[in-house]
Amino acid sequence: MLIPTATPASAAPTLLSQGKPVTVSSTENGGTPAAAAVDGDTGTRWSSAAADPQWIQIDLGSSVALSQVVLRWEAAYATAYKIELSTNGTSWTSAYSTTTGPGGNETLNVSGNARYVKLTGTTRATPYGYSLWEFQVYGESGGPGGPIQGGGDLGPNVKVFDPSTPGIQGTLDQIFRQQESAQFGTGRYQLLFKPGTYNNINAQLGFYTSISGLGLKPDDTNINGDVTVDAGWFNGNATQNFWRSAENLALNPVSGSNRWAVAQAAPFRRMHVKGGLNLAPNGYGWASGGYIADSKVDGTITPYSQQQWYTRDSAIGGWGNGVWNMAFSGVEGAPAQSFPNPPYTTLNNTPTSREKPFLYLDGNTYKVFVPAKRTNARGVSWNGTPQGESLPLDQFYVVKPGATAATINAALAQGLHLLFTPGIYHVDQSINVNRANTVVLGLGYATIIPDNGVTAMKVADVDGVKLAGFLIDAGPVNSPTLLEVGPQNSSAGHSANPTTVQDVFIRIGGAGPGKATTSMVVNSNDAIIDHTWIWRADHGDGVGWETNRADYGLQVNGDNVLATGLFVEHFNKYDVRWSGENGRTIFFQNEKAYDAPNQAAIQNGGIQGFAAYKVDDSVVNHQGWAMGSYCNYTSDPNIRQDHGFQAPVKPGVRFQNILVVSLGGMGQYNHVINSTGSPTSGTSTVPSNVINFP
C-alpha cells in the first residue's frame, strides 16, 4: 500500500520514536515483543493478545512538538482505535480516533506537545490480536526555523558489515527471502561492506536491494564468493529482474563465474570480477538486460539468452555471444564492430562520461566520492588514484522516511546535498535543486512519489548537478512531468561541468495507479543521461491503456545532450522525442505499449503508430548507435507499426546499427526508420536491421 499524503510539519520532521522505551497491554508471544514496533525493522512486529481493548505506549523522553504518526499494520489490524498524547503519562488528550481504519500503512497528521504517545485498539479486524510492524512518531528535532543538521545515521534499512560481523550470510538470506519476489513491495535495502576480505558469501539480491563496498576502489572490499541474481522466483525467466544493483566490490566467484541475470534498472557499476560473468538465469531462460559501467571482468562475459546489453568504460577478458543488440563504448577487450552478425556495435571511446557518486569510508568517516568528468574515456576510472572530489557526510541532509518536501527544500536552500536512505517518500511539492554541483544520491532504491499531480523534482539551469540512484514512482493524480532537468528555455552552456542523471529510474503504474504526461524532460544543454529506465508498467496493479496513461517517456529540448544506456518502454505515444540539436544516444532499448487496444488508438495522423524514438524535423544534427525497438501488441496482434524510428533526412542526422523486432508476431513493423528497412513478418521474432541511415 502506498503511504497517503502527509501535510508538511512546521519544522524539520524527525522520527522520534525509534528505539525509545515502549510498554504494552499484552504480547502474543516472545517472538513479537513491544520493542519490535519501534526498532525500525519492517520485518519484525509487536502483536497483542486476542482481546479488546489493547494498547501500546511510547515514551519519547521529553515533551516535543508532534506532527505525524505512521502506523504500519500487519494483516491483523484495528478498524477502531484512538491515539492519545500526554506530557506526564497520566493526563491524556485525544489526537486522533477512527472506527473505519483501513489497515496497511496509515499516515496520520497530529499536532500537540507530548512525551507519551498511546495507541489503543478497541475493535479488531480479525480474530487475532493487534499487530504492528512499526509505530512511528514524528515531530520537531529542534526549535522552529532552526538549521537542518547534516550527517547522522543511515537508518535501519542500511545494513553495514565488516569482516568480523557475525551472521552476515543469515542477514543476507533473510533480506533476500523478503525481497526475492516483492516486485512492487515497499521494502528497500542497502547492503554496505566495509573494506576487508569476506569469505564464503553468497549475496543473492532481490528487488530494491543494492550492495556496495565502502572502499574508495573496488579492490578495497574483497568477497570470496558471489553476488547473485537468478530467476527461480519467476520459473527461470529473468525478464522481470528489475530494481537492484551492485557497486564497488571485488568478487572471487566460487565457481569461477558470477551469475548476474538481470533485466532493466539493474546496474553493475565499478565492480572487479576476478573470473567470468554469466548474464543468463539458471536454465538459460529469457533475459532482457542490462548495463555495466566502470568495471573490470578478468574472464569472459557470457550473455547467453540476454536480448540486449550495454557496457561502458570497462575492461573485459572477452565476450561470449550476442542475440539482438550488444553495444560497447570505451571497453578494453570488447569484440570488434560486426553488426548485425554478431550484433555488436563497438565504439572505441565514450565521448563524455562521469561516473556515479558513491558512499565510502575514509577511516571511520562516511564521505561521498564524486568522480571527475572524463572525455573520450576508455577503460575503468579507478586505475591509479581515483580522480574526483570527496564530500563529507555532514554536508548532506540524510533524508529518512517521513521527511517532507518542505524540509528537503529547506535543506537544499541551506546548501546541503541530499542522501536519501532506503524508503518511500511522498512529496506534495517539487523538490527544487537550484544550486550548482548539488549531489542528490539515493540508497537502496529510495522512491519518490509525487502527490496531487506535482512534478517530483526540478533542477535549475546550473552547472554540475548530480542525480543518482533513486526511483520516481508516478502518483494517481496526473503529473505534467515527473523529472525536469532545467526549466523551459534553458540556454546556459554546461560543457565543462554538465549535469548528470545516473541510475535514475521512473515508473508509471505497477505499484498502483499512476499517471504522467511526460516522465522526464531535459531542457539543460550538455546534460548526460547515463543509464535510465523510464517505464510505463505493462503488469502489476494500476495498469491499463488509460489507467496508467503516460503519453511520453523522455523529451529532450536541450542541445548537446548525450544518453549512454537509454531504456524507455510502453508509452502511449512517443517513448523518446528529441528536439534539441547535436543530441547523441549510445544504446537504446524499447518496447512499444503492449496494451494498445486497437490500431485507431495509436494512429498518428497519417502514420500507423508513434515512433519509439522521434527526432524532430527541425533538428539538423543528431547521432544514434545500437538502437532497438520491439513490439508485442498483446491486446490486438493485428496492429501495424509504420516504423520504430522517425527522423529528418539530413546529412547531419545519422543512425548506425538499428533494428526492430516483432515478438512472436504480436503486431508488426512496416519499416525500421521512416520508410527504410524491411518489414517484420510472421512469428519467428527475427530482427529487421538497418546498418546505416541515411
Side-chain angles (χ1 to χ4, degrees), residues 158-161 168-169 171-172 175-176 179-180 188-195 198 201-215 217-231 238 241-254 257-281 287 289-299 301 303 306 309-316 355-360 380-382 422 441-445 468-471 502-503 505 530-531 533 565:
V158 176
K159 309 297 183 183
V160 182
F161 307 103
I168 296 175
Q169 189 63 54
T171 301
L172 299 176
I175 292 171
F176 177 66
Q179 300 299 116
E180 180 184 11
R188 303 287 188 274
Y189 290 93
Q190 178 74 49
L191 312 174
L192 296 177
F193 284 76
K194 294 182 179 181
Y198 299 79
I201 295 293
N202 182 17
Q204 299 181 82
L205 299 187
F207 287 97
Y208 314 108
T209 305
S210 298
I211 186 171
S212 19
L214 284 169
K217 300 169 70 170
D219 288 335
D220 294 339
T221 309
N222 284 276
I223 290 179
N224 291 320
D226 297 83
V227 172
T228 302
V229 179
D230 206 344
N241 280 349
F242 312 136
W243 305 306
R244 63 202 77 196
S245 66
E247 185 174 352
N248 204 31
L249 294 164
L251 304 179
N252 245 325
V254 171
S257 187
N258 187 78
R259 186 183 300 278
W260 186 254
V262 298
Q264 290 80 6
F268 196 81
R269 286 187 182 268
R270 204 177 181 87
M271 296 287 286
H272 183 191
V273 181
K274 299 174 182 179
L277 189 63
N278 180 350
L279 304 180
Y291 177 89
I292 293 170
D294 201 26
S295 294
K296 186 174 189 293
V297 179
D298 295 348
I301 300 177
Q306 281 287 355
W309 201 278
Y310 175 52
T311 307
R312 179 183 63 73
D313 298 358
S314 295
I316 65 177
E355 300 306 330
K356 174 179 170 285
F358 62 92
L359 191 69
Y360 80 105
V380 300
S381 71
W382 40 270
L441 178 61
L443 301 179
Y445 284 83
F470 55 89
L471 172 64
Q502 300 178 286
D503 300 348
F505 307 117
D530 177 44
H531 190 223
W533 185 39

Requested in this report: Applying side-chain hydrogen bond (donor to acceptor under 3.5 Å, both in side chains) between Y291 and each of D503, D530, T311, report the one that passes.
Outcome: D530
Query raised in the report: How long is the gap from CZ on R259 to CG on D226, to the nearest 0.5 Å?
Result: 10.0 Å
Query raised in the report: What pair of heavy atoms forms the shortest contact from P281 to A238, and how long is it?
Result: CG-CB, 3.9 Å
Query raised in the report: Strictly by modelled atom types, are S257 and N278 linked by a side-chain donor-acceptor pair under 3.5 Å?
Result: no
**Report entry** Test side chain to side chain donor-acceptor pair (under 3.5 Å) applied to Y189 - qualifying residues, sequence neighbours left out
**Finding:** Q178
Report task. Only counting residues at least two apart or in another chain, list the ones meeting ring-ring contact (aromatic ring centres under 6.0 Å, His included) with F161. Result -> F193
Query raised in the report: Hey, does the Lys NZ or Arg CZ of R244 hover above the aromatic six-ring of F207, less than 6.0 Å from the centre and inside 45° of the axis?
Result: yes
Query raised in the report: Are any non-hydrogen side-chain atoms of K356 and H531 less than 4.5 angstrom apart?
Result: no
Query raised in the report: Can you find a pair of side-chain heavy atoms, one from N222 and one from N252, that are under 4.5 Å apart?
Result: no
Query - Closest non-hydrogen atom pair between A280 and P303, with its separation - result: CB-O, 3.8 Å
Query raised in the report: For Y445 and A266, which heavy atoms make the closest approach, and how far apart are they?
Result: OH-CA, 4.2 Å
**Report entry** From L251 atom CG to N258 atom CG, the distance as rounded to the nearest 0.5 Å
**Finding:** 5.0 Å
Requested in this report: Of all the heavy-atom pairs spanning I175 and K159, show the shortest one and how long it is.
Outcome: CD1-CG, 3.9 Å
Query - Donor-acceptor under 3.5 Å (E180 side chain, G206 main chain) - result: no
Query raised in the report: Side-chain contact, heavy-atom cut-off 4.5 Å: R269 with Q502?
Result: yes
Report summary line: The reported gap from CZ in F470 to CG in L441 (rounded to nearest 0.5 angstrom) is 9.0 Å
Requested in this report: Give a yes or no answer on whether the side chain of Q190 reaches the backbone of V158 with a donor-acceptor pair at less than 3.5 Å.
Outcome: no
**Report entry** Any R312 side-chain heavy atom under 4.5 Å of E355 side chain
**Finding:** yes
Query raised in the report: Any sub-3.5 Å donor-acceptor pair from N248's side-chain atoms to G215's backbone N or O?
Result: yes
Query raised in the report: With a 4.5 Å heavy-atom cut-off, do L277 and I292 have their side chains touching?
Result: yes
**Report entry** Partners passing ring-ring contact (aromatic ring centres under 6.0 Å, His included) against Y360 (at least two apart in sequence or in another chain)
**Finding:** none
Query raised in the report: Quick one: does P253's side chain get under 4.5 Å of V273's, heavy atoms only?
Result: yes
Report task. Under the side-chain contact (heavy atoms from CB on, under 4.5 Å) rule, what do F358 and S212 come out as? Steps first, then yes or no, please. Result -> CA-CA 9 Å; F358 62 92; S212 19; over 6 Å; no
Query raised in the report: Sequence neighbours excluded, which residues qualify as ring-ring contact (aromatic ring centres under 6.0 Å, His included) partners of W533?
Result: F242, W243, W535
**Report entry** Check: T221 and P195 side chains under 4.5 Å, non-hydrogen atoms
**Finding:** yes
Query raised in the report: Between OG1 of T228 and CD1 of I201, what distance do you get to the nearest 0.5 Å?
Result: 11.5 Å
Requested in this report: Output, in order, the C-alpha distance, side-chain angles, deciding distance and verdict of side-chain contact (heavy atoms from CB on, under 4.5 Å) for V160 and L214.
Outcome: CA-CA 9 Å; V160 182; L214 284 169; 4.2 Å; yes
Requested in this report: With sequence neighbours excluded, tell me which residues meet side chain to side chain donor-acceptor pair (under 3.5 Å) with D294.
Outcome: R270, S381
Query raised in the report: Going by atom types only, do S210 and S245 share a side-chain donor-acceptor pair under 3.5 Å?
Result: yes
Report summary line: Closest non-hydrogen atoms of L172 and N202, given as atom of the first, atom of the second and distance, are CD1-O, 4.5 Å
Query - All side chain to side chain contact (heavy atoms under 4.5 Å, CB included) counterparts of D219, not counting sequence neighbours - result: A250, H272, K274, W382
Query - Side-chain donor or acceptor of Q306 paired with backbone N/O of L279 under 3.5 Å - result: yes
